[in-house]
Each structure stands twice: as structure tokens, then as C-alpha cells.
Amino acid sequence: MNGNLKLALQKKGRLTEKSLELLNLCGLDIENYSERLVVSARNFPLDILFLRDDDIPEYVQDGVADIGIVGENVVYEKQTGTEILEKLGFGRCSLMFAYPEKKELKNIEDINGKTIATTYPRILKEYLKKNNLNAKVIELSGSVEIAPSLGVADLICDIVSTGNTLMMNKLKKSFKVFDSEAVLLSAEKTLKEPKLNEILNDLLRRIRSVKTAHSSKYLMMNVPKDSLERILKIIPSLKSPTVLSLAEEDMLAVHAVIPSDKFWQIINDLKKAGASGILLLPIDNLIQ
Ligand code: PRP
Ligand code: ZN
């Protein structure tokens with residue numbers, strides 16, 4: 001025990017890089033992690049344990065790790081009674097039914113009597129029950145997408161992210177069971193050890209400010225003085241915008257933090273209102 005907070009991460013997979021990127025944005029300097037099972041942050045009391053994603057909820061539940069980053073899909077499948085502290089906004093994917101390209105799945109009722117291969121038997125059985133469907137579930141630990149071509153199953157129920165895996169296996173996606181993204185997981189909302197809880201709260205604050213920063217952009221533009229009022233009405237600013245005077249007397253500079261997803265909707269309105277030299281910058285961090 002070195003007093004560090006222990007974080008479990010997926011050893012190799014869709015979430016690994018993105019998780020480390022998030023920790024970097026949180027200001028953590030992580031040792032070169034390649035091929036090592038445990039690494040520490042140089043400037044933060046955190047140890048990272050690299051594990052199979054399917055094992056993470058259990059390790060967190062048992063206290064091997066204090067917290068973990070894993071897909072909601074794994075959390076729900078394992079049902080360990082762990083707490084989701086924060087949705088992380090990356091690693092988005094869906095649990096979906098997929099069928100061999102040549103066949104058709106028109107209604108969800110067509111699943112009745114079929115054989116479905118999956119690595120998510122618990123979620124799938126629950127879904128079938130809730131929807132009054134009757135199908136045979138075959139549990140596999142991996143490579144589910146080859147089951148139909150091997151004649152082991154009629155269809156599969158698996159995670160789809162880009163859809164490449166399905167395409168390569170001549171499968172097409174059908175009905176969706178649920179959407180998932182990466183989450184931060186803990187055995188309970190508040191860790192028992194006060195020191196560890198302090199570290200966790202520090203990390204959570206950082207993660208939240210990185211999340212806000214990434215969904216925001218810094219907008220800078222020049223506006224004619226007499227359009228200022230109209231322009232300010234267009235900007236859905238997070239805080240009140242900064243208005244600065246310019247050498248040119250009839251012009252002003254306006255700076256504001258705006259939600260990134262709204263930008264393209266308002267840019268035309270801003271131009272129409274006379275804004276020029278519009279600059280949009282990424283924000284690394286936004287401490288609130
Ligand atoms: C899922 C799924 C596919 C792949 C789909 O695996 O089992 O193999 O992702 O992604 P794509 O649509 O982008 O091709 P997961 O990331 O959960 O890894 P694991 O099964 O090895 O744990
Ligand atoms: Zn997995």
C-alpha cells in the first residue's frame with residue numbers, strides 16, 4: 001500500500017488510448033505504460049492497473065482497484081452493484097442484433113425460435129424477457145461475429161462501434177438493445193479511506209472540467225459597435241462575453257465561451273449581423 005488511488009483501465013482495446021488521453025488532459029503525467037501491468041502517475045498519487053475490461057467491475061467491487069474506467073455495457077452485464085460516478089463521453093457504442101447480410105430481420109418478433117450468440121447473455125436474456133421474445137442464447141467469450149458463418153448461431157448480439165467488425169464478417173446491424181459509453185466506476189459513491197477519497201474528488205473535479213472544456217469552444221470575432229446588442233443575443237455564452245475596444249473606433253472585439261455543438265447553427269447569424277474575423281479555438285481546460 002503506497003497510499004495511491006488505484007485505477008483499473010482496459011489493457012488493450014477501444015477504451016485504452018482514450019482513457020489515457022483523458023488522464024493526460026487532467027494534467028497527469030503517466031509513465032510509459034507499454035506492456036506493463038501497473039504504472040504510476042509522476043505528478044499525482046495514482047496507480048493504473050491494466051486489466052481485461054470484463055474483469056474491471058469485479059476488481060473494483062472487490063477493492064483490488066478503487067475505481068475503474070469501463071464501458072457501461074460491461075458494467076450492466078456484470079451487475080456487481082458498483083456505482084457509476086461519471087459518464088466520460090467517449091467509447092460510444094451500441095449493443096445490437098446483427099444478422100448475416102443475405103437474411104432479413106424485419107420485426108423484432110422474427111427473433112423468436114432463433115439462436116443468438118453473444119458475450120452479453122445477462123443483458124440479452126433480460127431484453128428477451130422484457131419484450132416477450134423466445135430465443136436460444138449461446139454465450140461466447142469472444143469472436144461472436146463468426147458464429148453465424150460457422151453455423152453455430154442464426155444471429156449475434158454484440159457491441160457495434162464503427163461497424164467495421166460487422167462489415168468484415170458480412171453481417172448487418174439490426175435492432176438496438178442499448179447505447180453505451182465509457183464511465184468512471186467505483187465500489188461506492190464515497191471511498192472509505194478519507195485520503196483516497198480526497199484524491200478521487202480531485203481527479204473527478206479535473207475530469208469534469210476537461211469534459212466541459214471539450215464541449216466548449218472559445219469564440220473571438222470583430223463586430224461593428226452598432227451591432228453589438230444584436231450579436232450578444234445570438235451567442236449562447238456560458239458566461240457573459242468579454243467586449244474589448246479596438247483601434248478602429250466603430251469596431252469591437254467580442255470573446256465568449258460557447259457550447260461547441262451550437263457553433264455551426266449560429267455562425268451564419270453572426271455573419272449576417274456583421275461579425276467578421278471569426279475565430280474558434282479549442283479549450284484545454286475550463287475550471288468552474
Ligand atoms: C467490441 C465488439 C467488436 C468490436 C466492434 O469489442 O465485440 O469486436 O468492439 O467495434 P467496431 O464496430 O468498431 O468494429 P470490445 O471493444 O468490447 O472488445 P473486447 O470484446 O475485446 O472486450
Ligand atoms: Zn471485453
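Both ligands and their constituent atoms are indexed starting at 1 by order of listing. Residues take their numbers from the sequence shown, with the count starting at 1.
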Just distance, no hydrogens or angles: give the donor-acceptor pairs under 3.5 Å from side chains in residues 136-148, sequence neighbours left out.
none

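Listed by first and then second residue, the salt bridge (charged side-chain N to carboxylate O under 4.0 Å, His left out) pairs that reach into residues 8-23 come to none, sequence neighbours excluded. Note on residues 194-218: pairs passing salt bridge (charged side-chain N to carboxylate O under 4.0 Å, His left out), not counting sequence neighbours, are E86-R208, E86-K211, D202-R206.
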Report each N/O pair between ligand 1 and the protein that falls under 3.5 Å, naming both atoms.
from	atom 1	to	atom 2	distance (Å)
ligand 1	7 (O)	D158	OD1	3.3
ligand 1	7 (O)	D158	OD2	3.0
ligand 1	12 (O)	S161	N	2.8
ligand 1	12 (O)	T162	N	3.1
ligand 1	12 (O)	G163	N	2.7
ligand 1	13 (O)	T162	N	2.8
ligand 1	13 (O)	T162	OG1	2.5
ligand 1	14 (O)	T165	N	2.9
ligand 1	14 (O)	T165	OG1	2.4
ligand 1	16 (O)	R14	NE	2.6
ligand 1	16 (O)	R14	NH2	3.4
ligand 1	22 (O)	D53	OD1	3.3
ligand 1	22 (O)	D53	OD2	3.3

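Within the 3.5 Å criterion, the main-chain N or O of E77 finds a donor-acceptor partner in the side chain of R122.
Nearest to the Zn ion (ligand 2), among the N, O or S atoms that D54 has, is OD1. Of all N/O/S atoms in D53, OD1 sits nearest the Zn ion (ligand 2).
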Worked check of side-chain hydrogen bond (donor to acceptor under 3.5 Å, both in side chains) between N4 and D47: CA-CA 6 Å; N4 284 357; D47 292 340; 2.9 Å; yes
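Between F97 and Y127, the ring center distance clears the sub-6.0 Å criterion.
Note on ring orientation: taking the six-membered ring where Trp is involved, the planes of F178 and Y76 are perpendicular (angle over 60°, cut-offs 30° and 60°).
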